[in-house]
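Here is the structure we will look at, set down as structure tokens.
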Amino acid sequence: MAEKIDWSKYVQEQDTALTTEVEKIDIKEEKKKDEPNKESAADEASPAEVSLLTKIIRKGLVSNKNDLEIQRQNPNSPLHSVKTFEALNLNPNLLKGIYDMGFNAPSKIQETALPTLLAVPSQNLIAQSQSGTGKTAAFVLAMLSKVDSTKKYPQVLCLSPTYELAIQTGEVAAHMAKFCPEIEMKYAVRGEEVPRGSKLTEHIIIGTPGKVMDWALKFRVFDLKKIIVFVLDEADVMIAQQGHQDQCIRIHKELGPACQMMFFSATYENDVMEFAQAIVKNPIIIRLKREEESLDNIQQYYVMCPTQDHKYKALTNIYGTVGVGQAIIFCHTRKTANWLAEKMSRDGHAVAVLTGDLTVEQRINVLDRFRGGQEKVLITTNVLSRGIDIEQVTIVVNFDLPVDQNGRADCDTYLHRIGRTGRFGKHGIAINLIDSSTKHICKSIEEHFNRKINFLNAEDCDEIEKIAA
DNA sequence: AAAAAAT
């Protein structure tokens, strides 16, 4: 993720890659072959043009007045905020769904983002807001409002980086649409199948990149050109992370020129934001300043653990203090996660483990059990670092600190991980287990966010309990 | 290193 993106080069590479792919697939549909490609090629600004445009915007239109930093590229576009959901003129059944979810008034990001998301004519948005501040509900509301349920084909596409997050977003959408039974949804994730040659009739597709690409570009069970709203959740990781980037950009490039883009994340590295601006036309941008990125309601600690045994001991002490809450423990590898889970289970601690080497059935099972409180502790990898919303999680433990391929601190992943607690203003605790070789990583995370990470003695259970209380 | 697509 920390890799520099040479996106100008990337955009060109994608062009040729896409062309060959389309030709291969469309071999029998000769007549259509040339048109769409010509269109998109002519439509696309050259990298130099985009770069220039981006620079102008960044120089000229940054406002520092509010704690949300908003860049306005199109002077005619609406940029006001709403204090109530009523002010949005929603379908009454949708409004009913929102209140049924327990929302009373829009959160800060919802106040600012919703007028833009619902604007007519449609307006692109790149938004940043801290974890647990209501981004999902914001774009789900927009997704549901923009659908024309009389048209029986997919019009809204939402991409998530993981299976779990796609399902969670779908569940939020299902709840919000509780009184709008005419709106239909389809998951495009592992384990879902569509008969070959058939066409999807659902209005909304929520999925992960691989399956969406399969369905849209290989089997053609729906038409990306007919998508009017494209949501990219965890957008920074989707456009910048090796493995997701390729698939997402490919899908993105097949969308029609009028498709509304909604990009959301809690983090955007500078060059990732630049890339996002290069692929989203005339966006309204909501961006946080560095000092606002981290949440003050999450207290951060580190524990010195000279050996793996010390780490384990510290963890069992923490385990004893979880109380009514729940804890998520992050490991760097699946192997460590599985090893740790097995060791804790053998020692009589009830723990759940979730990694990418489980089947999708197992994954949903484990998460459902944890959501239901069947286990107090969940051991996992970065698969659950982003987006997962479980209110009862009071403690996040980094058994291993998040690092990038070069072994340097992965500050964005750190922020996302600790953001699994402290949802919607609640208190949360993050505990980092470190040794002399990883202390500098902890230090650079501390400096990056300018937020104190305090020393904690893991033997002092009273201390931990006091914090947890 | 992990994730996402089946194979």
Side-chain angles (χ1 to χ4, degrees), chain A residues 1-3 17 21 24-25 157-170 186-196 205-222 224 231-252 254 265 267 272 328-341 353-364 366-367 378-388 398-417 420 437-438 441:
Chain A
M1 174 69 151
E3 289 283 298
E21 183 71 20
K24 204 160 62 195
I25 293 164
L157 173 62
C158 172
L159 289 186
S160 301
T162 63
Y163 174 80
E164 285 76 14
L165 198 48
I167 302 295
Q168 180 180 285
T169 304
K186 179 85 181 162
Y187 289 115
V189 295
R190 279 185 174 158
E192 293 286 328
E193 293 303 334
V194 174
R196 243 190 242 205
I205 296 178
I206 300 174
T208 41
K211 188 61 100 175
V212 169
M213 231 178 74
D214 238 24
W215 284 4
L217 300 175
K218 201 165 154 197
F219 299 119
R220 308 250 164 196
V221 295
F222 75 101
L224 285 172
V231 179
L232 204 55
D233 196 10
E234 308 296 343
D236 58 331
V237 88
M238 297 297 259
I239 60 171
Q241 185 177 262
Q242 154 92 277
H244 281 134
Q245 182 181 53
D246 198 72
Q247 295 172 325
C248 290
I249 301 294
R250 227 179 231 217
I251 293 163
H252 174 269
E254 277 290 291
S265 183
T267 54
V272 178
I328 298 183
I329 300 164
F330 286 102
C331 302
H332 191 47
T333 66
R334 300 170 174 187
K335 203 175 156 195
T336 311
N338 289 325
W339 165 82
L340 188 58
V353 61
L354 197 160
T355 66
D357 47 28
L358 300 181
T359 66
V360 282
E361 290 82 8
Q362 291 170 322
R363 285 169 71 157
I364 206 65
V366 170
L367 199 60
L378 175 61
I379 300 169
T380 188
T381 62
N382 275 344
V383 67
L384 290 190
S385 62
R386 285 168 172 258
I388 295 306
N398 284 316
F399 192 82
D400 304 304
L401 286 173
V403 290
D404 62 22
Q405 293 124 312
N406 309 311
R408 277 195 284 271
D410 184 346
C411 296
D412 287 349
T413 300
Y414 178 85
L415 199 62
H416 284 276
R417 280 186 181 182
R420 294 320 95 219
S437 72
T438 53
I441 296 170

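Chain A is the first sequence line, chain B the second, and so forth, proteins listed ahead of strands; every chain is numbered from 1. Note that these values count all heavy atoms, side chains included, but never hydrogens, waters or copies made by symmetry.
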Without decimals, in angstroms, what is the distance between [X] [atom1] and [N] [atom2]?
X	N	atom1	atom2	answer
A/Ile388	B/dA3	CD1	C1'	13 Å
A/Leu232	B/dA4	CG	P	15 Å
A/Gln247	B/dA6	CD	P	10 Å
A/Tyr163	B/dA6	OH	P	12 Å
A/His332	B/dA3	NE2	C1'	13 Å
A/Lys211	B/dT7	NZ	C1'	12 Å
A/Lys218	B/dA5	NZ	P	12 Å
A/Gln242	B/dA2	CD	C1'	11 Å

Would you say a side-chain N or O of [X] is under 4.0 Å from OP1 or OP2 of [N]?
X	N	result
A/Arg190	B/dA4	yes
A/Lys335	B/dA1	no
A/Arg363	B/dA4	yes
A/Thr381	B/dA3	yes
A/Thr208	B/dA3	no

What residues form a salt bridge (Lys or Arg N to Asp or Glu O under 4.0 Å) with A/Arg363, not counting sequence neighbours?
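Result, salt bridge (Lys or Arg N to Asp or Glu O under 4.0 Å) vs A/Arg363: A/Glu164.
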
For A/Glu193, salt bridge (Lys or Arg N to Asp or Glu O under 4.0 Å) partners two or more places apart:
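A/Glu193 satisfies salt bridge (Lys or Arg N to Asp or Glu O under 4.0 Å) with A/Lys211 once adjacent residues are dropped.
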
How long is the gap from CG on A/Asp246 to CD1 on A/Ile239, to the nearest 0.5 Å?
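Reported to 0.5 Å precision, the distance equals 13.5 Å.
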
Within the side chain of A/Thr438, is there an N or O that forms a donor-acceptor pair under 3.5 Å with the backbone of A/Ile441?
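Side chain of A/Thr438 to backbone of A/Ile441, a donor-acceptor pair under 3.5 Å: no, none is there.
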
A/Thr380 side-chain N/O to A/Leu354 backbone N/O, donor-acceptor pair under 3.5 Å:
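Present.
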
From B/dA1, B/dA4, B/dA5, pick the nucleotide closest to the side chain of A/Met213?
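Among B/dA1, B/dA4, B/dA5, the one nearest the side chain of A/Met213 is B/dA5.
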
Base, sugar-phosphate or nothing for A/Gly243? Non-hydrogen atoms, less than 4.0 Å.
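A/Gly243: base contact, heavy atoms under 4.0 Å.
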
Report which part of the nucleic acid A/Thr355 touches: base, sugar-phosphate, or nothing (heavy-atom distance under 4.0 Å, all strands).
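Sugar-phosphate: the residue A/Thr355, judged by heavy atoms under 4.0 Å, touches backbone atoms but no base.
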
